[in-house]
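Below: one structure, written as structure tokens.
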2 protein chains.
Amino acid sequence: MRSSTEYIEKLRKSGLRPTKQRITICELLFNTDKTFHFTINDLTKIIEFNSNQKISLATVYNTIHAFQKKGYLKEIAINSSQTYFDTNISAHHHFFDEKEKKLIDLEDEDVYPIKIKKTIPGKKIKSVEVLVKIDKI
Amino acid sequence: MRSSTEYIEKLRKSGLRPTKQRITICELLFNTDKTFHFTINDLTKIIEFNSNQKISLATVYNTIHAFQKKGYLKEIAINSSQTYFDTNISAHHHFFDEKEKKLIDLEDEDVYPIKIKKTIPGKKIKSVEVLVKIDKI
DNA sequence: ACATTACTTTAGAATAATTATAAAATTGGT
DNA sequence: ACCAATTTTATAATTATTCTAAAGTAATGT
Ligand SMILES: [Mn+2]
Ligand SMILES: [Mn+2]
Ligand SMILES: [Zn+2]
Ligand SMILES: [Zn+2]
């Protein structure tokens with residue numbers, strides 16, 4: 001359980017005003033050792049059940065996008081009707097269970113290093129992400 | 001330029017009735033040596049400019065999903081407002097240029113083989129896809 | 001503390017890709 | 001030709017996300 005003053009500092013340093021809503025969302029996202037994956041819909045429910053506050057949907061979207069731009073969240077590329085975000089911002093890969101619609105982290109040691117031999121003139125690599133789709137045996 | 005009778009056969013064998021619309025879409029998608037990536041929006045324009053026929057949007061969606069289910073198309077996992085499809089159905093990876101919103105194939109020899117060490121009990125791997133996001137240097 | 005300004009939140013409307021509906025058209029088999 | 005099953009179509013519905021603009025809050029200077 002980190003103190004909210006820590007998030008106030010973090011937000012201020014990022015040029016984001018530490019509002020009640022942002023602090024609440026920080027607490028719900030980052031006040032845990034475990035990182036996790038979520039959709040906006042998931043987060044809305046988390047807020048509903050774990051805080052006394054009602055935060056408007058627009059603010060949830062605004063906040064998540066602001067946090068993502070600041071690098072506090074990662075967006076995971078999968079084809080889904082909803083966008084997935086990750087509180088684990090380290091470079092890592094994923095399993096995706098399409099039935100359960102759940103992401104599972106692959107740690108660095110779970111995947112042999114990826115080497116891309118091809119280059120595109122005038123372009124540089126921004127990220128390399130592996131998505132492993134899994135299914136019932 | 002393949003003959004349309006070839007597509008009629010292909011469709012019949014798949015249990016899909018060879019309708020005018022499906023044959024047209026087959027011709028536009030598969031009558032070329034080069035494979036390519038497209039969205040439904042792209043395909044709609046391709047149909048408009050390269051066939052005398054008007055195919056309703058619902059039919060375009062229906063047909064593409066039918067072809068995908070039969071394995072004639074692959075859906076590419078990226079976060080975009082539109083779904084991308086690929087006429088290259090071989091297992092392969094992609095560059096994605098987020099500015100241009102364009103996919104570029106990575107050939108097998110462009111990427112060292114991916115090895116996943118982690119396993120999930122009761123689950124088997126269905127696919128392994130690498131997405132390399134690129135940007136202006 | 002008060003005033004001023006900039007930023008943020010909010011409810012609700014708008015947008016846009018995709019899916020559903022159900023009637024009309026087409027296909028394949030007899 | 002006839003019939004049943006499938007397909008196409010126009011249109012409506014759905015739904016995640018973004019936009020809008022008014023009201024609220026935070027930061028800053030006096
Ligand atoms: Mn987004
Ligand atoms: Mn789809
Ligand atoms: Zn993750
Ligand atoms: Zn491809």
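Quick note on labels: first sequence line is chain A, next is B, and so on, each numbered from 1. The basis for the numbers below is simple: all heavy atoms, side chains too, and nothing from hydrogens, waters or symmetry mates.
- The existence of a salt bridge linking A/E109 and B/K117 is excluded, since no basic side-chain nitrogen approaches an acidic carboxylate oxygen closer than 4.0 Å.
- Within the 4.0 angstrom heavy-atom criterion, only backbone atoms of the sugar-phosphate kind lie near B/S81; the bases stay farther away.
- The side chain of A/Y61 contributes no N or O atom lying less than 4.0 Å from OP1 or OP2 of D/dT18.
- Within 4.0 Å (heavy atoms only), A/I55 reaches sugar-phosphate atoms of the nucleic acid but no base atom.
- For the segment residues 41-51 of chain A, no residue has any heavy atom less than 4.0 angstrom from an atom of DNA chain C.
- We find that CG of A/L57 is positioned 13 Å from P of C/dT9, with the value rounded to whole Å.
- Atom NZ in A/K69 sits roughly 11 Å away from atom P in C/dT8 (whole-Å rounding).
- One can place CD of A/Q82 at 14 Å from C1' of C/dT18, the figure rounded to the nearest angstrom.
- Listed by residue number, A/R12, A/R17, A/P18 are the residues of residues 8-24 of chain A with a heavy-atom contact under 4.0 Å to DNA chain D.
- Interatomic distance, NZ of A/K74 versus NE2 of A/H94, reported as 6.0 Å (0.5 Å rounding).
- Here the nucleotide nearest the side chain of A/H65, chosen from D/dT18, C/dT10, D/dA10, is D/dT18.
- Looking at which nucleotide of DNA chain C each of B/Y84 and A/N62 is closest to, the 5′-most match is held by A/N62.
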